[in-house]
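Computed from a predicted model, the values in this text were never measured in an experiment. Just so it is clear: chains get the letters A, B, ... in the order the sequence lines come, proteins before strands, and each one is counted from 1.
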Amino acid sequence: MATGIVREVDLKALEKIFRGFEGKGESILIPLVQAIQAEYGFLPKEALVKASHHFRIPLSRFYGVVTFYAQFYLTPRGKHTIRCCRGTACHVRGAAKVIETVEQELGLKEGETSEDLSFSFETVACLGACALAPVVVLDERYYGQMNPEKVRVLVRQYKGASIQESSIGEENNGKAD
Amino acid sequence: MARQISSPIELKTYAEEVCKKKERWEMVIAVCGGTGCSAFGSYDVRSAFTKEVEKLSLSDRVLVKMTGCHGFCEKGPVTIIYPWQYTYVSIKPEDVPEVIEKTIIKKELVDRLLYRDPVTKQRIKHNNEIPFYAHQKRLVFQHNGHLDPTSIDDYISVGGYQALAKALFEMTPEQVLVEVEKSGLRGRGGAGFPTGRKWRFCRNSPGSEKYIICNGDEGDPGAFMDRSVMEGNPHSVIEGMIIGAYAIGATKGFVYVRAEYPIAVKYTRLAIEQAHQYGLLGENILGSGFSFDIEVREGAGAFVCGEETALIASIEGKRGMPRPRPPFPAVSGLWGKPTNINNVETWANVPLIINKGADWFASIGTAESKGTKTFSLVGKINNTGIVEVPLGITLREIIYDIGGGISGGRKFKAVQTGGPSGGCIPEWLLDTPVDYERLTELGSMMGSGGMIVMDEGTCMIDVARYFMKFLSEESCGKCVPCREGIDRALDILTDITEGKGRKEDISLLEELGEVLKDGSLCGLGRTAANPVLSTIKYFRNEYEAHINEKKCPAGVCKALITFSIDEEKCKSCGKCAKVCPTKAASGKKKEPYKIDKEKCIKCGLCRESCKFGAVIVS
Ligand SMILES: Cc1cc2nc3c(=O)[nH]c(=O)nc-3n(C[C@H](O)[C@H](O)[C@H](O)COP(=O)(O)O)c2cc1C
Ligand code: FES
């Protein structure tokens, strides 16, 4: 887990987010938290505290919700997110080996983010692209029919790009398959 | 181009106008934009077509459009060229200039891009002649191959919103209800409850404020039909919901879409916005005096939120935990008001029933299960993708005639239906007709439509363990039988796969299954044992081999297998040594390679990489 490095969070954007949810009662909680996460990439504690005060909803309600759903993150995410499917269709086509390979390559366990915030690694119950099993999604792009070798190449390509801090990673987005 | 349509006649006139406008296109190139095809690069194919069409100044005669999922994901990107319906599969951007030159300009076929039947070796011109499509009956998906999901005009041009006009102006709410009841439509999201009856409960519940919900959570791993409906034809769902609201007397609707489907969210939102602009949603719909509105809510990644009471809690802004029923949502649902919740596909069937009548709908299917059902056909099968079939078709027809049988020339072992609530069905039951009752009798269930095919290389204990692991992570933890029972079952199954199984484990699992069924709060726990019980029922000898002989017949469970190299078959190519992460595989040129059992972590990479089948698992 990335613990040490928490970037200074600029909370200015919050006001604007709040404006979209005024006067709608407690059912805004999940969409509100989703909007906050869309802005910061994760849920900074300060932002939740502010939201709680602003909308007069107890902070415990926020944390109750945030810790229940898999989509919410309380710590910063890596620059790249790699999500491996462990759904049934992927499982019977060898997803476990793909996941193992990613773990080895990144030195991360499922749910972890690298210290330098370059990668977050998640496994997902189903990515809804089951016909392409096993599926890996890297930064919103789907890669189908993966195997340990292919995923190793993919991850290394991104690792290389990430180390050079160049734009290769972005440009390769469309072409890596 | 916002315009308010304020009567059924105006809608008809407008539909004619749109159709006329479409006539100007001599040819339409429809590229599939479904998840499968886009992962295979269909967006690049579309851009290539657009560029080429512009380059050759064909833009005023040829339309390039992106459609929803065509279903044949295996052969993506799929592209259909109208009016001839020539179907090109696995097409690449490099192929585009040739297609334009030959097909669009010279009206000739590009043979090599046509689908080739693996049996007859014949090239097939049209999609409806490809066996994958020929054995299907596409109603919910009938427009997926040619509609632009982001265009309400496209939907209107194929008769969209006509069912709504008919319901609002030619039928009373009661008549709509009776029609849906008579059609025999049953819920497509899980348990198969009769839709008309559910609507009536909600309609009869006292209260002036009522809600309807479209369940687009689609949490079952291995299923993506609802996604394909929402991404391919979102207006059909919206139209179904408005008709339902009219019958039930609801004022507000929600579409709950899972977070993993951003495009479904986007297209549904867009469809709602467009319907608003056209006066088909909002105040005084089509000038009928009926008002209704819809809002999209995104899920946040919790499988249990597909369960109706949990979903309602989630919309209310709470942790998505189920609550005991009764009271049913029809009596006390969202914010305590009467609420009717149906699955995406259920809603999409409604306009069809209103348009063509209950009798027509009821003529498809079996005595108790009417209409068609979509399935996502995935796993170890040749033609993976989305299929829609009349209920009552046999599993064998789906798997062999449509799915083209098992991939890699391997042997069929089981098909899993019903997601984590379902079970595994063996070979000798493949002639079972697919309907709600039959699948339940077999210890599985219809579920929302995931159909995962497994071959001889799949270990059934590993599959059962897989589902327990999934459910253990997804159980909300509110009730004890589910929270603790699933974990215990997982422990036992893990032991069995690690060679620590005991004789009494099978009966213990069966007993646990009973407890889960009787004691759990919601469907998640109540059906959780199905994957375990069905595998015990049909694959007991595999359990016994693990427990008694400490063997995994499928060669999957790591603790029970060893890897070695067949000296006869080894060609000393060195591939295994290259991929081996622990350097357990090694050797010299011209000598058979060896695997050091001490170092081997049984990852199986060597077996996958060996072209000569020289790696043996025993
Ligand atoms: C654990 C669990 C998960 C469920 N997931 C879904 C789902 O993803 N989609 C769905 O439509 N129904 C799901 N259901 C069924 C719903 O509770 C509900 O029965 C259904 O949405 C009703 O719609 P229908 O009558 O049109 O099928 C789930 C049920 C349970 C117990
Ligand atoms: S099971 Fe992996 S994408 Fe659905």
Residue [X] versus chain A: region with a heavy atom under 4.5 Å:
X         : result
Leu605(B) : side chain
Ser376(B) : neither
Ile601(B) : side chain
Cys69(B)  : neither
Val556(B) : neither
Tyr261(B) : side chain

Would you say [atom1] of [X] has more than 12 non-hydrogen atoms from neighbouring residues, nucleotides or ligands within 6.0 angstrom?
X         : atom1 : value
Lys266(B) : NZ    : no
Lys469(B) : NZ    : no
Glu22(A)  : CD    : yes
Glu149(A) : CD    : no

Heavy-atom side-chain contact between [X] and [Y] under 4.5 Å:
X         : Y         : result
Arg86(A)  : Phe470(B) : yes
Arg319(B) : Thr67(A)  : yes
Phe467(B) : His91(A)  : no

Using 4.0 Å as the upper bound for N to carboxylate O, is an ion pair formed by Lys558(B) and Glu100(A)?
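Here Glu100(A) pairs with Lys558(B) in a salt bridge, since their nearest N and O are under 4.0 Å apart.
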
So does [Y] get a backbone contact from the side chain of [X], meaning a donor-acceptor N/O pair under 3.5 Å?
X         : Y         : answer
Lys380(B) : Val92(A)  : yes
Arg93(A)  : Gly379(B) : yes
Tyr69(A)  : Gly299(B) : no
Glu316(B) : Glu26(A)  : no

With a 4.5 angstrom heavy-atom cut-off, is it the side chain or the backbone of [X] that approaches chain B, or both, or neither?
X         : answer
Ala133(A) : neither
Val124(A) : side chain
Arg152(A) : side chain

Give the member of [options] that has the highest number of heavy-atom pairs under 4.5 Å with chain A.
options                                    : answer
Ser314(B), Ser228(B), Gly34(B), Ser609(B)  : Ser314(B)
Ala223(B), Gly604(B), Gly385(B)            : Ala223(B)
Glu298(B), Gln416(B), Met454(B), Glu474(B) : Glu298(B)
Asp226(B), Asp462(B), Asp455(B)            : Asp462(B)
Pro581(B), Gly320(B), Pro420(B), Gly301(B) : Gly320(B)
Met321(B), Glu473(B), Arg227(B), Glu74(B)  : Arg227(B)

[atom1] of [X] to [atom2] of [Y]: how many Å apart, nearest 0.5 Å?
X         : Y         : atom1 : atom2 : value
Thr35(B)  : Leu132(A) : OG1   : CG    : 8.0 Å
Thr88(A)  : Asp220(B) : OG1   : CG    : 8.0 Å
Cys130(A) : Met225(B) : SG    : CE    : 9.0 Å
Arg83(A)  : Glu260(B) : CZ    : CD    : 6.5 Å

Quick one: which of Ile30(A), Val33(A), Leu29(A) has the most heavy-atom pairs under 4.5 Å with chain B, could you say?
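Option with the top pair count is Ile30(A).
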
Option in Ala125(A), Cys90(A), Ala129(A), Gly94(A) with maximal non-hydrogen atom pairs under 4.5 Å from chain B:
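Counting heavy-atom pairs under 4.5 Å, the top option is Ala125(A).
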
